Amino acid sequence: MKAPEKRKFQTRLVRWFKANRRPMPWRETNDPYKIWISETLLQQTQVATATGYYLRFISRFPDVRSLSRARLQTVLKLWEGLGYYARARNLHRAASQIVKRFNGRVPDDMEGLLSLPGIGRYTAGAVLSIAYGKPVPVLDGNVIRVLSRLFRVEDDVRRSETREALWDLAESLMPAGNCRDYNEALMELGAVVCAPRNPACPVCPVRPDCKAFAASVQEDYPRSAPRKAIPHKHVTAGIIWKNGKFLITLRPARGMLGGLWEFPGGKAEPGETLEQCLKREIREELGIEIRVLRKLVSVNHAYTHFRITLHAFECLAGAGRVRPLACDDFKWITSRELDRYPFPGADRKIIALLSRIDPPKRGTRPPEKGDPG
DNA sequence: AATACGGGGGA
DNA sequence: TCCCCAGTATT
């Protein structure tokens with residue numbers, strides 16, 4: 001785009017935004033801390049979902065220091081149900097780094113921001129432009145869609161070379177002033193007008209600049225290769241009783257669902273029954289034998305790269321002391337205490353279905369020869 | 001350069 | 001029910 005049309009594009013976009021700006025709690029502030037929190041929440045997460053979490057988070061942790069002093073478990077509990085829990089772990093780590101290395105101030109330069117865990121080029125650009133008013137571009141999914149349509153970008157937008165080109169494009173369109181409005185406008189346009197399907201081209205302020213609209217091929221962009229099929233797995237979980245309490249285990253701090261609590265168990269191997277699976281997993285994870293009494297419920301749950309059916313079984317703990325062999329910690333608790341702990345969505349579904357988790361009645365199944373206990 | 005990482009919403 | 005969405009860290 002040449003300079004005059006670029007200015008026209010920027011003006012049309014920002015004028016539209018000022019007239020159509022949706023109110024959001026983080027749009028009421030310039031506080032870099034709050035902008036950082038909101039942008040982290042908004043990664044992979046829609047505005048409607050993020051809003052409630054944002055209000056609770058800011059109310060509990062109004063500034064960097066309060067977040068840095070918090071326990072990770074408290075932060076994860078506030079994040080429960082949102083997914084991508086590394087975001088919460090990184091927020092917590094970054095807060096203490098900001099206190100130590102930056103005297104409690106969120107950095108106002110690209111290098112400082114990128115040095116913090118959980119902050120990549122998008123979040124750094126958002127904080128710099130929105131909180132500090134600096135002319136730094138942002139490129140999120142919305143902007144990718146808008147730009148790929150405006151310029152009919154033919155390459156797969158998931159390829160890193162294409163991403164690089166899109167960053168260059170975003171940078172070249174960036175105005176010198178009005179940076180906050182401009183970047184928010186670009187993302188807002190992608191969210192409410194330039195939607196993935198059925199984009200509202202008739203009301204689009206930059207329709208005159210759009211090559212895809214000119215050729216009536218808006219919905220063909222952004223281009224990307226078809227994704228591959230996702231596998232389905234069967235997973236077991238034990239409600240393992242002893243002395244009126246049951247076991248929960250803490251997932252290792254790194255990796256999937258890291259730092260969350262769950263009912264112990266694991267993935268079924270090929271050819272293994274669910275009961276065999278559960279007994280094996282408990283042996284490997286906690287070093288004890290169990291007696292499986294009955295199946296309680298099964299729930300389906302979808303992750304990004306696979307789906308699971310999670311089967312919950314009522315069990316009794318056998319003799320021997322529990323050791324955290326393949327988890328970071330374990331606790332014996334009652335159902336009243338469940339809400340204190342952050343759980344993955346699938347485990348929450350089980351908890352909801354059981355409504356109350358009561359100890360097994362005696363004589364549920366006749367004792368068998370070789371049963372533990 | 002490719003893959004792992006959750007869960008919600010819309011068709 | 002299925003399909004789509006998409007920043008950062010890791011390998």
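Predicted model, so just to flag it, every value in this text is computed and none were measured. Convention: sequence-line order gives letters A, B, ...; per-chain numbering from 1.
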Is it the case that one hydrophobic cluster holds both A/Val297 and A/Leu293, taking links as side-chain heavy atoms less than 4.5 Å apart, direct or via other members? yes

Donor-acceptor side-chain pairing of A/Thr309 and A/Asn300 below 3.5 angstrom: yes

Please identify the 5'-most and 3'-most nucleotides of DNA chain C with any atom under 4.0 angstrom from a heavy atom of chain A. C/dC4 to C/dA9

Is it true that A/Lys279 and A/Glu289 make a salt bridge, defined as a side-chain N closer than 4.0 Å to a carboxylate O? no

Say you draw a straight line from CZ of A/Arg27 to CD1 of A/Ile130; how long is it, rounded to the nearest 0.5 Å? 8.0 Å

Find which nucleotide of DNA chain C each of A/Arg307 and A/Gly141 is nearest to by heavy atoms, and output the residue with the more 5' nucleotide. A/Arg307

Indicate, with a heavy-atom threshold strictly under 4.0 Å, whether A/Arg145 touches base, sugar-phosphate, or nothing. sugar-phosphate

Is the gap between the ring centers of A/Phe246 and A/Trp241 under 6.0 Å? yes

Looking at A/Tyr53, is A/Arg56 sitting on its ring face, NZ or CZ under 6.0 Å from the six-membered ring centre and within 45 degrees of the normal? yes

Which label fits A/Phe313 and A/His311: parallel for a plane angle under 30°, tilted from 30 to 60°, or perpendicular past 60°? tilted

Under 3.5 Å, is there a donor-acceptor pair between the A/Asn90 and A/Arg87 side chains? no

Identify the stems formed by DNA chain B, where each pair is Watson-Crick or G-U wobble with both distances under 3.5 angstrom and a stem is at least 3 consecutive pairs. B:1-5 with C:7-11, B:7-11 with C:1-5

For the residue pair A/Tyr221 and A/Glu154, confirm or rule out a side-chain donor-acceptor distance under 3.5 Å. yes

Please give the distance between the P atoms of B/dC5 and C/dC3 as a whole number of Å. 22 Å

A/Gly320 and A/Ile288: which non-hydrogen atoms are nearest, and at how many Å? O-CG2, 3.8 Å

Could you check which residues of residues 184-198 of chain A get a heavy atom under 4.0 Å from DNA chain B? Sort them by number, please. A/Arg197

Find the distance between OH (A/Tyr122) and CG (A/Leu42) and round it off to the nearest 0.5 Å. 6.5 Å

Taking the cut-offs as 6.0 angstrom to the six-membered ring centre and 45 degrees off its axis, would you call A/Arg251 and A/Trp261 a cation-pi pair? no

Position toward the 5' end of DNA chain C (nearest nucleotide), A/Arg121 or A/Gln46: A/Gln46

Among residues 146-167 of chain A, which contact DNA chain B at a heavy-atom distance under 4.0 Å? A/Ser160, A/Glu161

Please classify the nucleic acid contact of A/Leu257 as base, sugar-phosphate, or nothing, using heavy-atom distances under 4.0 Å. sugar-phosphate

Stretch residues 35-45 of chain A: residues that reach within less than 4.0 Å of DNA chain B through a heavy atom: A/Gln44, A/Thr45

Heavy atoms under 4.0 Å, any strand shown: does A/Ala48 hit a base, just sugar-phosphate, or nothing? nothing

In this structure, would A/Leu139 and A/Leu169 fall into the same cluster of hydrophobic residues linked by side-chain contacts under 4.5 Å? yes

State, without any angle test, whether A/Thr334 and A/Glu337 hold a side-chain donor-acceptor pair at a distance under 3.5 Å. yes

Fit a plane to each ring of A/His232 and A/His234, take the angle between them on a 0 to 90° scale, and name the class: parallel (under 30°), tilted (30 to 60°) or perpendicular (over 60°). tilted

State whether a side-chain donor-acceptor pair under 3.5 Å links A/Glu39 with A/Trp26. no

Measure from the ring center of A/His301 to the ring center of A/Tyr303 and say whether it is less than 6.0 Å. yes

Using only atom types and a distance under 3.5 Å, with no angle test, would you say the side chain of A/Glu188 pairs donor to acceptor with the backbone of A/Arg22? yes

Earliest and latest nucleotide of DNA chain B, 5' to 3', sitting under 4.0 Å from a non-hydrogen atom of chain A? B/dA1 to B/dA11

Assert: residue with more 5' nearest nucleotide on DNA chain B, out of A/Thr49 and A/Tyr84, is A/Tyr84

Distance between P atoms of B/dA11 and C/dA6 (Å, rounded): 15 Å

